[in-house]
Amino acid sequence: MDEWNQISLSVDKLPKKWYNVAADLSQPLPPPKEPESGPSRMEFLGKTMVGECLRQEMSAERWIPIPEEIRELYVQAGRPRPLYRARRLEKKLGLQKVRLYYKREDLSPTGSHKVNTALAQAYFASREGKTTLVTETGAGQWGSALSYAAQLMGLNCVVFWVRAVYGWKSDRRTFMKLLSATVHASPSKETKIGQELLAKDANHPGSLGIAVSEGLEYASEHDGCVYSLGSVLNHVLIHQSIIGLEAIEQFKMIDDEPDLVVGCLGGGSNFGGIALPFAGEVLQKKRNCEFLAAQSEAAPNLVKGEYRYDFGDVAGHTPLLKMYTLGHQTEMVPIRADGLRYHAAAPLVSALRHSGLIKAVAYPADERVVFEAARSFFQTEGWLIAPESAYAVKAGIDEALKAEKAGEEKAILMNISGHGFLDLEAYRDKLGIP
Ligand SMILES: Cc1ncc(COP(=O)(O)O)c(C=O)c1O
């Protein structure tokens with residue numbers, strides 16, 4: 001088996017439970033808080049979000065059963081997804097002692113890991129009799145995933161899409177519209193916060209924090225609507241744990257294990273998804289492993305942020321969450337990997353960063369080196385990855401070269417959070433391809 005570069009789990013090995021690292025933290029996760037003034041944000045969320053997701057949000061259970069209907073949707077969407085050994089990239093890098101692996105979340109109907117929680121959230125929303133899912137999106141991957149999940153479950157989908165990206169990803173826009181979604185460039189005229197921001201700057205580039213505010217406001221004012229968040233919150237990371245749980249089984253099949261797990265991090269859903277099941281076993285003293293989150297200097301929430309309570313959105317509709325944050329109203333320059341441009345990191349990831357288990361690195365906002373890493377990956381492994389995933393690959397390569405130079409034997413696992421088939425404009429721009 002270990003001669004093959006692809007390590008595949010059979011469908012009957014698809015995990016039956018999601019993992020919740022909150023059960024294994026050495027101290028309880030700091031709970032969400034109400035701000036000192038204004039209306040209750042908890043009550044607001046209670047009315048605006050899917051009930052089952054909110055229950056999972058507060059759960060300290062280690063294992064949460066995955067309903068059979070969702071497992072069936074996961075299989076329809078191509079799960080379990082393979083793990084690969086990057087032998088061709090290893091060869092190009094001249095690695096003798098370091099083994100590189102990658103998990104294939106790009107092999108997804110909409111192109112990223114985001115379907116793992118989109119399907120769960122859409123399923124729970126339809127079971128609760130909701131008619132419409134409302135959301136934010138940055139890269140467009142989350143909006144695509146939720147449009148797809150809503151369509152499969154017979155729900156409508158309304159997407160507020162960061163204007164800076166909406167403008168240039170016209171193919172992703174078509175993708176969402178093919179799935180019957182209504183897509184607004186954010187800030188938009190659909191909401192009060194959007195109107196305020198557009199009055200100040202008619203070409204406002206938007207941000208994920210603004211798009212979240214718009215989505216929450218819209219969902220709260222339209223009957224049958226619920227708000228679905230694509231990252232940051234505990235229930236999202238719980239759904240994404242399917243990535244790491246599969247990877248744990250795949251490493252058992254080849255009798256190897258990662259010494260380092262690397263993922264890109266915007267809000268923390270793909271990083272949390274791959275890292276937290278492994279981190280849980282570290283916390284339970286069942287394995288040794290390190291964790292590295294790769295970010296942009298445009299939004300280095302784990303690298304330069306403060307660990308404190310902050311809002312999850314620009315308008316302050318959410319409760320306060322304890323997380324590494326740059327400040328919920330901080331302006332961040334648009335980048336091509338716009339899914340990484342969020343002011344704060346998930347509370348679960350932040351808690352583990354604070355305890356020293358997770359490390360982070362940020363790459364320059366001109367993105368040249370990460371796109372070059374993605375090109376090397378494409379030219380050796382043959383897979384064109386999303387701009388966001390390029391950060392994980394860049395960090396994986398850097399760590400591999402460092403270990404090799406130090407003569408260390410090491411296995412490194414990178415998460416490929418998405419494919420780049422709809423990101424060719426970004427590749428053209430960053431690599432100067434005419
Ligand atoms: C392909 C891909 N990877 C990573 C991210 C970053 O988000 P998160 O940190 O929640 O995984 C995004 C966000 O849009 C994305 O589209």
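Just follow the structure's listing: the first ligand is 1, and inside any ligand the first atom is 1. These numbers were taken from a predicted model, which means no experiment stands behind them.
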Quick check on contacts: which atoms of ligand 1 are under 4.0 angstrom from a heavy atom of [X]?
{"X": "Gly267", "answer": "8 (P), 9 (O), 10 (O)"}
{"X": "Ala139", "answer": "14 (O), 16 (O)"}
{"X": "Ser269", "answer": "8 (P), 9 (O), 10 (O), 11 (O)"}

message: Does the residue Gly138 have a heavy-atom contact with ligand 1, meaning some pair of atoms that are separated by less than 4.0 Å?
response: no

- request: Give a yes/no on ligand 1: does Gln240 have at least one heavy atom closer than 4.0 angstrom to it?
  value: no

Protein contact of [atom] - nearest heavy atom, named by residue and atom, plus distance:
{"atom": "atom 5 (C) of ligand 1", "result": "Glu388 CG, 3.9 Å"}
{"atom": "atom 6 (C) of ligand 1", "result": "Gly339 O, 3.4 Å"}
{"atom": "atom 7 (O) of ligand 1", "result": "Lys114 NZ, 3.4 Å"}
{"atom": "atom 10 (O) of ligand 1", "result": "Ser231 OG, 2.5 Å"}
{"atom": "atom 1 (C) of ligand 1", "result": "Ser417 OG, 3.5 Å"}

message: Quick check: Tyr19 with Trp63 (ring centres under 6.0 Å apart)?
response: yes

query: Using the benzene-type ring in the case of Trp, are the ring centres of Tyr218 and Phe160 under 6.0 Å apart?
result: yes

message: I'd like to know if Glu52 pairs up with Arg55 as an ion pair, taking the criterion as any Lys NZ or Arg NE/NH1/NH2 lying under 4.0 Å from an Asp or Glu carboxylate oxygen.
response: yes

- request: Determine, for Asp106 against Arg104, whether the closest basic-nitrogen to carboxylate-oxygen distance falls under 4.0 angstrom.
  value: yes

message: Assess, by modelled atom type and distance only, whether the side chains of Tyr227 and Glu136 contain a donor and an acceptor separated by less than 3.5 Å.
response: yes

- request: Identify, with sequence neighbours excluded, every residue that meets side chain to side chain donor-acceptor pair (under 3.5 Å) alongside Thr137.
  value: none

- line: With heavy atoms and a 4.0 Å threshold, my read on which part of Leu265 contacts ligand 1 is backbone

Do any nitrogen or oxygen atoms of [X] lie less than 3.5 angstrom from nitrogen or oxygen atoms of ligand 1?
{"X": "Phe271", "answer": "no"}
{"X": "Gly266", "answer": "yes"}
{"X": "His113", "answer": "yes"}

- prompt: Rounded to the nearest 0.5 Å, how far does CD1 of Ile66 lie from NZ of Lys16?
  reply: 10.0 Å

field: Flag if over 12 foreign heavy atoms under 6.0 Å of CZ, Arg88
entry: no

task: If the plane angle is over 60° it's perpendicular, under 30° parallel, otherwise tilted; pick one for Tyr101 and Phe251.
output: perpendicular

